[in-house]
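Below, all heavy atoms of this structure are taken into account, side chains as well, without hydrogens, waters or symmetry copies.
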Amino acid sequence: RASTTLSRDQNGHPKFVITMAENITQQKRVDRILADNKNKLHSLVENAEYSIVTTDRRHTILLINSKLSDILFTQTGILVETGFNLLDILPAAFHKDYLDIHKRAFTGEQFVFEKTFTVNGRRSDIEIVVTPVKEENGLIRSVSIFGHDISSRKKNEEELIKAREDAEAS
């Protein structure tokens, strides 16, 4: 990056030229690395098998992937995006569970659990991973929640248990 300034004397004649040059190679490299990292993170979040949401202390959505956004749109008719308050979007039946999860995570606890949901008459078994997001100083900035449908796995486990019980009964 360069800039040039022409200095003139009292009569308006050129007196001297001031030219400044700055090497921005390093800045360009840093900008490219940041853009690449942002693209990789976006790809990871959007291509994950998990539904992902990150909220702050006030339940404001800081990050939501399209998988979860699509599910919530199907359930609520609202196109959910960052900046929305999750409590305004979630059906009232889920508020208590979400608030309990949120409170635990903001104490610094990271945990995994399974939950069965019935939506529109369809049962789904979901594995939920809850992770507090900490700043460098250790303060919890937000909470990330990852949900993964494990219905097929649960069904297979139930069939194996039943088959084992039937075999033992024979």
- What do the steps show when you test R153 against E114 for salt bridge (charged side-chain N to carboxylate O under 4.0 Å, His left out), and what is the final call? CA-CA 12 Å; R153 184 183 87 197; E114 294 176 5; 2.9 Å; yes

- Task: Could you walk me through whether I128 and I145 pass side chain to side chain contact (heavy atoms under 4.5 Å, CB included), step by step?
- Result: CA-CA 7 Å; I128 299 171; I145 303 170; 3.7 Å; yes

- Mark yes or no for whether S7, through its side chain, and V17, through its backbone, hold a donor-acceptor pair below 3.5 Å. no

- Task: Start with the C-alpha gap between R104 and D100, add the side-chain angles, then the distance that decides, and say whether salt bridge (charged side-chain N to carboxylate O under 4.0 Å, His left out) holds.
- Result: CA-CA 6 Å; R104 280 178 67 186; D100 290 345; over 6 Å; no

- Item | Heavy-atom closest contact (P14 atom, L6 atom, distance) | CB-CD1, 3.9 Å

- Where at least one partner belongs to residues 119-145, residue pairs that pass ring pair (Phe, Tyr, Trp, His ring centres under 6.0 Å), sequence neighbours excluded: none

- R57 atom CZ: more than 12 heavy-atom contacts under 6.0 Å: yes

- Parallel, tilted or perpendicular, as decided by the 30° and 60° cut-offs, for the rings of H59 and H102: tilted

- Message: If you define the side chain from C-beta out and look only at heavy atoms, does anything of S69 sit under 4.5 Å from L79?
- Response: yes

- Any ring pair (Phe, Tyr, Trp, His ring centres under 6.0 Å) involving residues 69-95? Give me the pairs, sequence neighbours left out, ordered by first then second residue. F94-F117

- Do you know the tightest heavy-atom contact between V143 and V130? CG1-CG1, 3.8 Å

- Message: I'd like to know if the side chain of K67 and the backbone of E49 have a donor-acceptor N/O pair within less than 3.5 Å.
- Response: yes

- Show the numbers, then the answer: is there a side chain to side chain contact (heavy atoms under 4.5 Å, CB included) between I61 and V80? CA-CA 9 Å; I61 297 172; V80 181; 3.5 Å; yes

- Task: Compare all side-chain heavy atoms of F113 with those of I101 and state whether any distance is below 4.5 angstrom.
- Result: yes

- Looking only at non-hydrogen atoms, find the nearest pair between T60 and G83 and report the distance. CG2-O, 3.8 Å

- Item | Closest non-hydrogen atom pair between I140 and P132, with its separation | CG2-CB, 3.9 Å

- Would you mind listing every side chain to side chain donor-acceptor pair (under 3.5 Å) that reaches into residues 24-39, with sequence neighbours excluded? N23-T25, Q26-R29, Q27-D31

- Query: Any salt bridge between E159 and K154, counting N to O under 4.0 Å?
  - Reply: no

- Are any non-hydrogen side-chain atoms of V53 and L63 less than 4.5 angstrom apart? no

- Tell me the side chain to side chain donor-acceptor pair (under 3.5 Å) pairs involving residues 77-90, sequence neighbours left out? none

- Residues joined to L62 in its hydrophobic cluster, side chain to side chain under 4.5 Å directly or through other members, sorted by chain and number, are none

- For R8 and K15, run side chain to side chain contact (heavy atoms under 4.5 Å, CB included): C-alpha distance rounded to whole Å, both residues' side-chain angles, the deciding distance at 0.1 Å, then the answer. CA-CA 5 Å; R8 299 182 182 272; K15 188 174 175 183; 5.6 Å; no

- Spell out, as yes or no, whether a donor-acceptor pair under 3.5 Å connects the side chain of D9 to the backbone of N11. yes

- Identify whether the distance between the nearest side-chain nitrogen and carboxylate oxygen of K162 and E158 falls below 4.0 Å. no

- Message: Any side-chain to backbone donor/acceptor pair from N65 onto I52? Under 3.5 Å, distance only.
- Response: yes

- In terms of side-chain geometry, is the basic nitrogen of D97 or K115 positioned less than 4.0 Å from the acidic oxygen of its partner? yes

- Query: Do NZ/NE/NH1/NH2 and the carboxylate oxygens of D125 and R123 come within less than 4.0 Å?
  - Reply: yes

- Message: Enumerate the ring pair (Phe, Tyr, Trp, His ring centres under 6.0 Å) contacts for residues 130-162, please, sequence neighbours excluded, ordered by first and then second residue.
- Response: Y50-H148

- Item | Side-chain heavy-atom pair S3, T19 within 4.5 angstrom cut-off | no

- Keeping the roles fixed (side chain from T74, backbone from D70), state whether a donor-acceptor pair exists under 3.5 Å. yes

- Message: Does either side chain, that of S124 or that of R122, offer a donor lying less than 3.5 Å from an acceptor on the other one?
- Response: yes

